[in-house]
Amino acid sequence: MADKTQLVIVGAGPGGYAAAFHAADLGLDVALVDPEANPGGVCLYRGCIPSKALLHAASVIHDARAAAELGLHFGDPAIDIGKLRAWKNGVVAKLTGGLGQLTRQRKVRYVQGRARLLDASTLEIEGAPDGTRRLAFGHAILATGSRPFELAGFPRSPRVLDSTSALDLGDVSGRMLVVGGGYIGLELGSVYAALGCRVTVVEMLPGLLPGVDRDLVRPLAKRLEVDLECVRLETRVAEVEERGAGLSVRFDGQAEAETFDRVLVAVGRGPNSERLGLEATRVRVDERGFVLVDAQLRTEEPTISAIGDLVGQPMLAHKASHEGRTAVEAIAGHKVAFEPAAIPAVVFTDPEIAWCGWTEDEAKARGRAVEVARFPWAASGRALTLGRDDGLTKLVLEPGTGRVLGVGIVGPGAGELIAEGVLAVEMGATARDLALTIHPHPTLSETVMEAAEVFFGQSTHVFRPKRR
Ligand code: NAD
């Protein structure tokens, strides 16, 4: 390896590797540094991909159970946890191996190790297979991601899990407490519940998934009442102690402790901005440690950009990848800015919840007048054939023009359906555009079209005339 590169990218998650590949495609000389043997980052090794593999297994179990209603009886599943774990690990290995190959095909120089800035044009890379080395760069993009928050007062014990160790599926029997009713708590809590664990979720706020419209959360909350042992809202953990064969947990305002076999802590994530050597540069961070960047993802240090979880919410892989490509184009001298009208978010529970653009609650909180058109899936033929009439599709629209400002969907496949909503918001589409676009029948995608028809009081399958 030469000791100088035009562009170095620190961190090979979906932000970092997308940036590296795009830079190589644009003809730049690129190095990509990461402690893992192949690119992938948290998303592929310890996040999105392994959790979605396990959620798929959970949905197979659910569907088999639900099939009893159609007269199809499968009986209880015999779960080979070792094989499930191996299958999930195989998915991860295939994807990360594929990324390694794409890295080589593009002639991106991959350096395994942990990088630290020595100044605004030099990195020191530790832990590389051939020893600590230095790399001089013209530009750097920092893409080191985030890590789970820990909670003070929780014992250091193999029974206390974070999202990473929970994905290892050590033991799925007995009782599990999930602290935090957000994305990770509900996704991984659902996996453990489907595999036979009795799961309690404790959330400090009055509702699950804070920030998501309540009408979208309701169908999920209802289902969780059945699938989980208990959901405790407006509750915090006061004390956790390891005692013999379990963890003794006392909740705020409760005298008696309860015993759990394990506790999963999923109370949010914070940026990996420490130990990066930022103090040796002019890069600035905010009070929570997020690196401050402009619309071109440039920091205060002209040679250094930053992307992804490291620069703030939403901490989502697809946001990081797009930021990565924008950062590279800005470095290459293109006139670009990261200014999306909508970034989709998906919670991969059953039902899934997906939304983009303005939510109804956000519009209310920020005093923006909106009209909301809802299409309940009980009126969708396709939803009924799937035995799932609990879904909802809603449009958040600009009064008068009917411009689509936001879309929210709850129901199976919501994560796939939301892409149409994102396109509508990005293209400045109106409810009329959605209503006039012929959607295939019978599909769940029709619910987007019919929600737009509801706005005009003219939905074929919902009788809700508008007052003239
Ligand atoms: P989150 O912010 O989604 O949820 C954390 C929850 O914990 C919140 O509801 C919060 O009110 C609650 N909480 C905080 N402190 C608590 C306490 N002491 N006791 C009880 N509850 C407490 O965070 P997460 O679930 O850890 O996920 C982290 C991030 O990872 C997410 O913000 C998201 O960006 C990303 N993520 C995305 C996906 C996805 O896209 N499907 C999946 C997993 C994670």
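All values below come from the heavy atoms of this structure, side chains included, with hydrogens, waters and symmetry mates left out. In listed order, ligands and their atoms are each counted from 1.
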Contacts under 3.5 angstrom, residues 52-62 side chains, donor-acceptor by atom type, not counting sequence neighbours:
{"from": "Lys52", "atom 1": "NZ", "to": "Glu187", "atom 2": "OE1", "distance (Å)": "2.8"}
{"from": "Ser59", "atom 1": "OG", "to": "His56", "atom 2": "O", "distance (Å)": "3.2"}

N/O pairs closer than 3.5 Å, ligand 1 and protein:
{"from": "ligand 1", "atom 1": "3 (O)", "to": "Tyr183", "atom 2": "N", "distance (Å)": "3.2"}
{"from": "ligand 1", "atom 1": "9 (O)", "to": "Glu203", "atom 2": "OE1", "distance (Å)": "2.5"}
{"from": "ligand 1", "atom 1": "9 (O)", "to": "Glu203", "atom 2": "OE2", "distance (Å)": "3.3"}
{"from": "ligand 1", "atom 1": "11 (O)", "to": "Glu203", "atom 2": "OE2", "distance (Å)": "2.6"}
{"from": "ligand 1", "atom 1": "21 (N)", "to": "Met204", "atom 2": "N", "distance (Å)": "3.2"}
{"from": "ligand 1", "atom 1": "23 (O)", "to": "Gly268", "atom 2": "N", "distance (Å)": "3.4"}
{"from": "ligand 1", "atom 1": "25 (O)", "to": "Tyr183", "atom 2": "N", "distance (Å)": "3.3"}
{"from": "ligand 1", "atom 1": "25 (O)", "to": "Ile184", "atom 2": "N", "distance (Å)": "2.8"}
{"from": "ligand 1", "atom 1": "26 (O)", "to": "Gly268", "atom 2": "N", "distance (Å)": "2.8"}
{"from": "ligand 1", "atom 1": "34 (O)", "to": "Met315", "atom 2": "O", "distance (Å)": "2.8"}
{"from": "ligand 1", "atom 1": "40 (O)", "to": "Val346", "atom 2": "O", "distance (Å)": "3.4"}
{"from": "ligand 1", "atom 1": "41 (N)", "to": "Glu187", "atom 2": "OE2", "distance (Å)": "2.9"}
{"from": "ligand 1", "atom 1": "41 (N)", "to": "Val346", "atom 2": "O", "distance (Å)": "2.7"}

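Arg236 pairs by the side-chain hydrogen bond (donor to acceptor under 3.5 Å, both in side chains) definition with nothing, not counting sequence neighbours. In this view, Tyr192 satisfies the ring pair (Phe, Tyr, Trp, His ring centres under 6.0 Å) rule with no residue, not counting sequence neighbours.
For the pair Arg388 and Trp377, the cation-pi test (distance below 6.0 Å, angle within 45°) is failed.
Under the side-chain hydrogen bond (donor to acceptor under 3.5 Å, both in side chains) rule, His439 has a single partner from Glu450, Glu420, Glu446, which is Glu420.
The aromatic rings of Phe260 and Phe251 sit perpendicular to each other, their planes meeting at more than 60°, with 30° as the lower class boundary.
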